[in-house]
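Have a look at this one.
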Amino acid sequence: MSDSADAGREQISNPEQQAQMTVKAAAGEAGLEPEVVRYYTRIGLIQPRRNRHNGYKVYSSEDIARLIFIRKAKSLGYTLKEISAILAHARQSRTPCPTVRSIIQSRLHRNRARLEELMNWQACMESVIQRWDELENGVPSENSVHQLVEAFSGGAGYGR
């Protein structure tokens, strides 16, 4: 753990004597910006405790785990609404209900479609580069750049 994260930790009197972190340290541990952690706190995705001595919010290792889950779920395309539903079930220590299962299945289908779309664009870009490499001086003309733009926007040109 980094020195800045250690500096943000303080011992809070609670039954577990668990180390708690400031928002800056928690953000660093979770790979997020402090403003993002504050936003997630404001909308209720995480619910840190308050330090009874100074009133500051302090984040536990459980909060950090949730922040990491949120970051990873966001990177997979989950919306904050979907993440909120999943976390609400987790807070209640319930097994995944049909709603959570449906959210995950839907995301799997959307991610698979997005992967296919990305693979098509990858093939398109590779084709364009190959065609440009075959040009006499290797420099694309205005027309070939225009065709690339059209291909990316769904128009004619290099195709998919």
Results of salt bridge (Lys or Arg N to Asp or Glu O under 4.0 Å) for Arg110 - residues two or more places apart only: Glu82
Test side-chain contact (heavy atoms from CB on, under 4.5 Å) applied to Arg112 - qualifying residues, sequence neighbours left out: Glu116
Gln47 CD to Glu62 CD distance, which is reported to the nearest 0.5 Å: 10.0 Å
Ile86 CD1 to Ile104 CD1 distance, which is reported to the nearest 0.5 Å: 5.0 Å
Partner set under side-chain contact (heavy atoms from CB on, under 4.5 Å) for Ala85, not counting sequence neighbours: Ile103
4.5 Å side-chain heavy-atom contact, Tyr40 and Ile83: no
Partners meeting side-chain hydrogen bond (donor to acceptor under 3.5 Å, both in side chains) with Glu126 (sequence neighbours left out): Gln122
Minimum heavy-atom distance Arg107-Leu76, with the two atoms named: CD-O, 3.2 Å
Check: Asp63 side chain, Ser60 main-chain N or O, donor-acceptor pair, under 3.5 Å: yes
All side-chain contact (heavy atoms from CB on, under 4.5 Å) counterparts of Arg38, not counting sequence neighbours: Val23, Pro34, Glu35, Arg42
Distance (rounded to the nearest 0.5 Å) between Ile70 CD1 and Leu32 CG: 8.0 Å
Arg49 side chain vs Val58 backbone, donor-acceptor pair below 3.5 Å: no
Check: Thr41 side chain, Val37 main-chain N or O, donor-acceptor pair, under 3.5 Å: yes
Spacing of OH belonging to Tyr78 relative to OG belonging to Ser106, to within rounding of 0.5 Å: 8.5 Å
Pairwise distance CG(Leu87) to CG(Leu45) - rounded to 0.5 angstrom: 6.0 Å
Partner set under side-chain contact (heavy atoms from CB on, under 4.5 Å) for Ile68, not counting sequence neighbours: Ala30, Ile64, Arg71, Lys72
